[in-house]
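We use all heavy atoms of the structure for the numbers below, so side chains are in, but hydrogens, waters and symmetry mates are not.
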Protein chains: 2
Amino acid sequence: MKELIAKYREKGLKITPQRLAIFKFLEGNTSHPSAEDIYRHIKKTYPAISFATIYNNLQALKERGEVLEITIDSQKRHYDPNTEPHHHIICTKCNKINDVFHDYSEAVRLPNYITEEFKPVGNHIDFYGICRTCQKKGGR
Amino acid sequence: MKELIAKYREKGLKITPQRLAIFKFLEGNTSHPSAEDIYRHIKKTYPAISFATIYNNLQALKERGEVLEITIDSQKRHYDPNTEPHHHIICTKCNKINDVFHDYSEAVRLPNYITEEFKPVGNHIDFYGICRTCQKKGGR
DNA sequence: TCTAATTTTAGAATAGTTATAATTTAGAAT
DNA sequence: ATTCTAAATTATAACTATTCTAAAATTAGA
């Protein structure tokens, strides 16, 4: 909590209650929330919160490398406070996004015909699968 | 061309000039166009073309496995008529999407703690890099 | 040629996100 | 403690991509 405040100060951000609430919600959160998920959560405590505040803060956090924007869901963006390199597996039925922690750095190398043209920066691996819950639901 | 028509017939789709134009534009296209890219292209020949037609046809083609929807760009969807398994590399400066043909099926395996929960369906690998053109432009 | 079903079209509607301008607040300086 | 200024929040409008709707047009088969 003090760390939270220190972290914000370091980054040249003013400490507002809304901001703290957003940060607290995100910290350690592995649910990959969308802006709306965050909005709905914060709204419980700050009913006047605006979407603009959510997006402003996400922007500030993104710029400072505290949050990653995940572009897997074609409907909306999701946010991930875990900035360690990791990958995701998405259930093709319920669309839930889960983390995959595994180092593929050796295994996944660009072929030469690509490295001749591109200076590599990084990679994301998205797996698709059916989660246990959806398997149980069976059929379709 | 005849193949095109045959292909559509097989799939239970009526053959309209707009549809043919869309299919012809997509066939063999490696530029990963967005709906608007397609719209603008078709508009040259069919000025009355509507976005609804573009989306309708993309939907029809998606359902029939002729086109894949790519969710890499957080702004909009892109479409890829190449349904062979392959991956992509995106220039982090100009956002151009390029193909990567390389088989990572052996290298990229889900760790056990994931396969216990998920029945694997597939994966996408997105690489990020800076293309030669953007490298030349230097600096920023 | 006639008809039924499908497709196209224009335009409205919706969802997610960004921009704007006024008001409020945090935090530094006094 | 009070004042001040920059930054943050808010309500709202605007914007972009996409989907929906209903009417008109077109395809393909009888």
Side-chain angles (χ1 to χ4, degrees), chain A residues 2 4-25 32-43 45-64 66-79 95, chain B residues 2 4-23 25 32-43 45-64 66-79 95 97:
Chain A
K2 291 158 199 162
L4 265 187
I5 294 179
K7 215 166 188 179
Y8 270 130
R9 287 252 163 73
E10 269 171 38
K11 296 188 179 288
L13 292 170
K14 289 189 174 179
I15 288 139
T16 67
Q18 295 90 335
R19 187 161 270 171
L20 276 180
I22 292 170
F23 208 116
K24 265 164 86 178
F25 177 62
H32 308 87
S34 64
E36 194 184 355
D37 295 332
I38 300 169
Y39 174 77
R40 278 213 291 265
H41 178 87
I42 307 295
K43 208 170 171 61
T45 318
Y46 298 95
I49 192 89
S50 159
F51 259 106
T53 302
I54 306 294
Y55 282 109
N56 283 345
N57 279 290
L58 286 171
Q59 180 61 30
L61 293 170
K62 271 192 290 173
E63 279 172 3
R64 289 162 179 80
E66 293 287 329
V67 164
L68 295 176
E69 199 170 75
I70 301 178
T71 310
I72 286 177
D73 179 344
S74 67
Q75 307 287 324
K76 52 187 172 307
R77 301 174 196 169
H78 292 256
Y79 297 89
N95 297 312
Chain B
K2 292 158 199 163
L4 265 186
I5 294 179
K7 215 165 187 178
Y8 269 131
R9 287 251 163 73
E10 270 171 38
K11 296 187 180 288
L13 293 170
K14 290 191 173 178
I15 288 140
T16 67
Q18 296 90 336
R19 188 160 270 171
L20 278 179
I22 292 170
F23 210 116
F25 176 62
H32 308 87
S34 66
E36 194 185 355
D37 295 333
I38 300 169
Y39 174 77
R40 278 213 292 264
H41 179 86
I42 307 295
K43 208 171 172 58
T45 317
Y46 298 96
I49 192 88
S50 159
F51 259 107
T53 302
I54 306 294
Y55 282 110
N56 283 347
N57 279 289
L58 286 171
Q59 179 62 29
L61 293 170
K62 270 193 289 174
E63 280 171 2
R64 290 162 178 81
E66 293 288 329
V67 164
L68 295 176
E69 199 169 76
I70 301 178
T71 309
I72 287 176
D73 179 343
S74 67
Q75 306 288 323
K76 53 187 172 305
R77 301 173 197 169
H78 292 255
Y79 297 89
N95 296 313
I97 301 170

A.B. asks: Between B/I38, B/V67, B/I22, B/T16, which is the residue that forms a side chain to side chain contact (heavy atoms under 4.5 Å, CB included) with B/N57?
C.D. replies: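 The side chain to side chain contact (heavy atoms under 4.5 Å, CB included) with B/N57 is passed solely by B/I22 among B/I38, B/V67, B/I22, B/T16.
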A.B. asks: Going from OH on A/Y79 to CD1 on A/I70, what distance comes out if it is rounded to the nearest 0.5 angstrom?
C.D. replies: 10.0 Å
A.B. asks: Determine which pairs satisfy salt bridge (charged side-chain N to carboxylate O under 4.0 Å, His left out) with at least one residue from residues 49-64 of chain B, sequence neighbours left out, and list them in order.
C.D. replies: B/K62-B/E69
A.B. asks: Give me the atom names and distance for the closest heavy-atom approach of B/A60 to B/L13.
C.D. replies: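 Closest approach of B/A60 to B/L13: CB-CD2, 4.2 Å.
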A.B. asks: Among residues 55-62 of chain B, which residues get a heavy atom nearer than 4.0 Å to DNA chain D?
C.D. replies: B/Y55
A.B. asks: Report the distance from atom NZ of A/K43 to atom P of D/dT9, rounded to the nearest whole Å.
C.D. replies: 15 Å
A.B. asks: Expressed in angstrom and rounded to an integer, what is the separation of B/L20 atom CG from C/dT8 atom P?
C.D. replies: 10 Å
A.B. asks: What are the atom names and distances for every N/O pair under 3.5 Å that joins the protein to nucleotides 1-6 of chain D?
C.D. replies:
residue, atom, partner, partner atom, Å
D/dA6, N3, A/K14, NZ, 3.2

A.B. asks: Between atom CD in B/Q18 and atom C1' in D/dA25, what is the gap in whole Å?
C.D. replies: 10 Å
A.B. asks: Give the rounded distance in Å between these two atoms: CG of A/D73 and P of C/dG16.
C.D. replies: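 From A/D73 CG to C/dG16 P: 9 Å.
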A.B. asks: Which distance, rounded to the nearest 0.5 Å, do you find between the CZ of A/F25 and the CZ of A/R40?
C.D. replies: 10.0 Å
A.B. asks: Answer with base, sugar-phosphate or nothing: what part of the nucleic acid does B/T16 contact at a heavy-atom distance below 4.0 Å?
C.D. replies: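 Sugar-phosphate contact only - B/T16 comes under 4.0 Å of backbone atoms but never of a base.
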A.B. asks: Establish, with yes or no, whether the OP1 or OP2 oxygen of D/dT16 is under 4.0 angstrom from a side-chain nitrogen or oxygen of B/R77.
C.D. replies: no
A.B. asks: Evaluate side chain to side chain donor-acceptor pair (under 3.5 Å) for A/T53 paired with A/N56, printing each intermediate quantity in order.
C.D. replies: CA-CA 5 Å; A/T53 302; A/N56 283 345; 5.3 Å; no
A.B. asks: Can you name the nearest heavy-atom pair linking B/Y46 to B/P17, along with the distance?
C.D. replies: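 Closest approach of B/Y46 to B/P17, heavy atoms only: OH-CB, 3.3 Å.
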A.B. asks: To the nearest 0.5 angstrom, please state how far the CZ atom of A/R19 sits from the CG atom of A/L61.
C.D. replies: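 Those atoms lie 7.5 Å apart.
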A.B. asks: Indicate whether OP1 or OP2 belonging to C/dT7 is found under 4.0 Å from a side-chain N or O atom of B/R19.
C.D. replies: yes
A.B. asks: For A/N95, give me all partners under side chain to side chain contact (heavy atoms under 4.5 Å, CB included), at least two apart in sequence or on another chain.
C.D. replies: none
A.B. asks: To the nearest 0.5 Å, what is the distance between OG (B/S74) and NZ (A/K76)?
C.D. replies: 14.0 Å
A.B. asks: Can you name the nearest heavy-atom pair linking A/P47 to A/T45, along with the distance?
C.D. replies: CD-O, 3.4 Å
A.B. asks: Indicate the atoms forming the closest heavy-atom contact of B/Q18 with B/I49, along with that distance.
C.D. replies: CG-CD1, 3.5 Å
A.B. asks: Rounded to whole Å, please give me the gap between CZ in A/R64 and C1' in D/dA7.
C.D. replies: 11 Å
A.B. asks: Of all of residues 33-42 of chain B, which get a heavy atom below 4.0 angstrom from DNA chain C, listed by number?
C.D. replies: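 None - not one residue of the stretch has a heavy atom sitting under 4.0 Å from the strand.
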A.B. asks: Taking a pair as Watson-Crick or G-U wobble with both distances under 3.5 Å, which nucleotide is matched to D/dC4?
C.D. replies: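 The answer is C/dG27, by the H-bond criterion.
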A.B. asks: Nearest nucleotide by nearest heavy atom, which residue falls closer to the 5' end of DNA chain C, B/Q75 or B/P17?
C.D. replies: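 It is B/P17, whose closest nucleotide lies nearer the 5' terminus.
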A.B. asks: Rounded to the nearest Å, what distance is computed from the CD1 atom of residue B/I54 to the C1' atom of nucleotide D/dT19?
C.D. replies: 15 Å
A.B. asks: Stepwise, does the side-chain contact (heavy atoms from CB on, under 4.5 Å) test hold for A/I72 with A/H78?
C.D. replies: CA-CA 8 Å; A/I72 286 177; A/H78 292 256; over 6 Å; no
A.B. asks: So which heavy atom on B/I54 is nearest to which on B/A35, and how close?
C.D. replies: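 That closest heavy-atom pairing would be CG2-O, 3.8 Å.
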A.B. asks: Using whole Å, what does the distance between atom P of nucleotide D/dG29 and atom CG of B/L13 come to?
C.D. replies: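 Going from CG in B/L13 over to P in D/dG29 covers 13 Å.
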A.B. asks: Taking only nitrogen or oxygen atoms into account, show me every contact under 3.5 Å that the protein makes with nucleotides 11-14 of chain D, one pair per line with its distance.
C.D. replies:
residue, atom, partner, partner atom, Å
D/dA11, OP2, A/A48, O, 3.1

A.B. asks: Closer to the 5' end of DNA chain C via nearest nucleotide, is it B/T53 or A/R9?
C.D. replies: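 The answer here is B/T53.
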